Amino acid sequence: MSATDTHQHYDGRAVIGGERREARSGASIPSVSPVTGGSIADLASLDAPDVAEAVSGAAAAFESGVWSRASADDRKATLFRIADALEKRSAEFARAETLSMGKPVSEASAVDVPGSVATFRWYAELIDKVAGEIPSTPPGSTALVSRVPLGVVGAITPWNYPLEIAAWKIAPALAAGNSVVLKPAETSSITALMLADIASEAGLPAHVLNVVTGPGRSTGDALVRDPRLDALTFTGSTATAKHLMVASGETGLRRLSLEAGGKSANLVFADVDDIRLAAEKAAFGAYYNQGEVCSANSTILVQREIVDEFLAAFRAAALEYRPADPLDPASTAGALVSERHADTVEAAIEEARAAGAQIEGGTRRSLGNSSAYIDPAIILGLPVGHRLHAHEIFGPVAAILPFDTEEEAIGIANRSGYGLAASVWTGSVSRAHRVSQRLVAGTVSVNTVDAIGLTTPFGGFKQSGFGRDLSVHALDNYTGLKTTWIQHG
Ligand code: ADP
């Protein structure tokens, strides 16, 4: 199939109680592929009564104990079966992900799907390895501190890693024994729906995982305002995260974990061991996934004495991220999520140009019936205080700024107001520690960019939100500590 073939059509109905369901109103919205330019699914657009039904079912399933009190062995086996089924259908999932949001199928196959499989396996393994505590209490008593599931977890996810971020939320929430109601991004819901089908086939009891589809402001809002949600986990923009805090607070108290935006800096010091490697990785950090990554290192600070050498290598590396047909396995960059989003990214590039910056690349392109493609852009000479240095563009756009001193670079890196990620390139161990300690970021990568793994927590500080995905710490989003104090004389 080429980029212009518009015949692929997926089931866009929601999953409630293990079954595919239309909205009660019958309303649906087209899921437009940025690859084909055509609709690839009619996405059910759920209203509050549909969402309430999903939450009721999830709450009843939790109460029943069918999953929440199932043995660790049973839960582990089910999550492994989900992982196995997903792995078996990886080509199908990778293709659906590419058609949904435009990333190259090579990346969806090599990163998104295997990453999601690994996430389910990792949390399956963790289920029976989390032990409680027996703290010191007065003689004649014993206290047990155990981690218990919270109940119904609402999860709201973005379109840049539709399957993988859904897995980051669902796997630990289910591993802990919760029921989940997931609201995927309306632009890219297909793989989350397919995942819920797989979970049913793998024997996950009905109502334990539901996927409610539709726009954020209606379907998402109904989910957030349902008082029966015991936890809400979110990945998306800072503006929505702020709104969710308010809407949640109006509804009641519940556990919140909100991974919001970012504007991450990559600091390249003149004492770096390998300038070419730093430049190649910097291009990856800025342009990977069309730059649609919340932890993208889109502000590149380069010590003045190596700017020319770095830029020459960076320009060459950027060429690797020129967009091409996302369905061609040889492509290394694809379409932005929508033509509308490409308009926004283009407008940001024009804003930088109007502010006197020099722009290299950044050309808008059409492929087949879609014009959601933008060449990697390099912005040079944008004044340090310009709004775009603190604004998440979420596209293939990197600004390069020279600096003179370590103090100056740290100051620029920390001024965005976000705190998700940062990178440091240096051959000095002392500088690596000194600078890392000062950078306000959930993850600081040293001599690499955007380091991430299943074993390490991912999330931010300040306007990047709070709560952590991945690692054992993700359980904090989905479990509470319970003390059972036994007085025995
Ligand atoms: P982006 O700007 O990257 O699309 P958003 O924060 O708008 O990020 O979207 C992330 C997720 O949040 C999506 O699933 C979207 O539907 C959902 N969402 C957006 N607005 C709301 C809202 N008001 N209430 C609940 N969910 C929302």
Side-chain angles (χ1 to χ4, degrees), residues 12 14 23 29 31-32 34 43-48 50-52 54-55 100-103 153-170 180-193 195-196 210-227 229 231-251 254 256-263 289-296 298 336-345 347-348 372 391-395 418 420 460 463-465 467 469:
I29 45 176
S31 181
V32 176
L43 201 67
S45 185
L46 269 50
D47 295 316
D50 305 295
V51 174
V55 176
S100 288
M101 57 69 67
K103 69 174 67 198
V153 173
I156 298 182
T157 49
W159 46 257
N160 60 339
Y161 288 90
L163 178 67
E164 204 169 4
I165 295 181
W168 288 5
K169 313 282 194 196
I170 294 169
V180 176
V181 180
L182 170 73
K183 209 299 283 176
E186 54 272 39
T187 38
S188 320
S189 301
I190 291 164
T191 49
L193 291 167
L195 178 64
N210 307 273
V211 180
V212 293
T213 47
R217 67 182 178 284
S218 51
T219 316
D221 190 68
L223 180 60
V224 173
R225 291 185 190 277
D226 194 307
L229 279 199
L232 176 68
T233 178
F234 165 80
T235 299
S237 65
T238 298
T240 303
K242 283 156 82 173
H243 172 79
L244 296 185
M245 282 188 81
V246 175
S248 244
E250 284 170 357
T251 309
R254 60 168 66 116
L256 294 182
S257 52
L258 306 174
E259 198 260 277
K263 185 73 182 178
N289 208 45
Q290 300 73 241
E292 295 166 323
V293 180
C294 46
S295 51
S298 53
L336 294 177
V337 69
S338 65
E339 292 185 348
R340 212 169 104 203
H341 184 57
D343 292 343
T344 313
V345 172
H391 172 79
E392 189 175 33
I393 297 173
F394 226 66
Y418 289 106
L420 188 56
Q463 299 310 304
S464 294
D469 286 314

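Atoms considered below: every heavy atom in the structure, side chains included; atoms not considered: hydrogens, waters and symmetry mates. Start at 1 and go down the list; that is how both ligands and their atoms are numbered. In this text the structure is predicted, and so the values were computed from the model without any measurement.
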Give the residue and atom name of whichever protein heavy atom lies nearest to [atom], and the separation in Å to one decimal.
atom                    : result
atom 19 (C) of ligand 1 : T240 CG2, 3.6 Å
atom 1 (P) of ligand 1  : W159 NE1, 3.9 Å
atom 23 (N) of ligand 1 : H243 CD2, 3.3 Å
atom 18 (N) of ligand 1 : G216 CA, 3.5 Å
atom 13 (C) of ligand 1 : T157 O, 3.4 Å
atom 15 (C) of ligand 1 : E186 OE1, 3.6 Å
atom 2 (O) of ligand 1  : S237 CB, 4.0 Å

**Message:** Are L420 and K263 packed together at the side-chain level, in the sense that at least one heavy-atom pair is separated by less than 4.5 angstrom?
**Reply:** no
**Request:** Answer whether the closest heavy-atom distance between the side chains of L223 and L229 falls below 4.5 Å.
**Result:** yes
**Asked** Just by distance, with hydrogens left out, do T251 and S248 show a side-chain donor and acceptor under 3.5 Å apart?
**Response** no
**Message:** Does either side chain, that of T233 or that of S257, offer a donor lying less than 3.5 Å from an acceptor on the other one?
**Reply:** yes
**Asked** Is the shortest N/O to N/O distance between T235 and ligand 1 below 3.5 Å?
**Response** no
Atom indices of ligand 1, in the order listed, that fall short of 4.0 Å to a heavy atom of [X]:
X    : value
K183 : 14 (O), 15 (C), 16 (O)
F234 : 6 (O), 10 (C), 11 (C), 12 (O)
G220 : 24 (N), 25 (C), 26 (N)
A185 : 13 (C), 14 (O)
L244 : 24 (N), 25 (C)
P184 : 14 (O)
I156 : 11 (C), 12 (O), 14 (O), 17 (C), 25 (C), 26 (N)

**Prompt:** Which atom names give the shortest non-hydrogen contact between A23 and S45, and what distance separates them?
**Reply:** CB-O, 3.3 Å
**Prompt:** Does the protein put any heavy atom within less than 4.0 Å of atom 7 (O) of ligand 1?
**Reply:** yes
**Item:** Nearest-0.5 Å distance that lies between atom CZ in F394 and atom CG in L336
**Value:** 10.5 Å
**Asked** Nearest 0.5 Å, what's the OG1-CG distance between T213 and L43?
**Response** 4.5 Å
**Message:** Please work out, at 4.0 Å between heavy atoms, whether the side chain, the backbone, both, or neither of N160 comes within that distance of ligand 1.
**Reply:** neither
**Item:** Ring-face cation of K183 near F234 (centre distance under 6.0 Å, axis angle within 45°)
**Value:** no
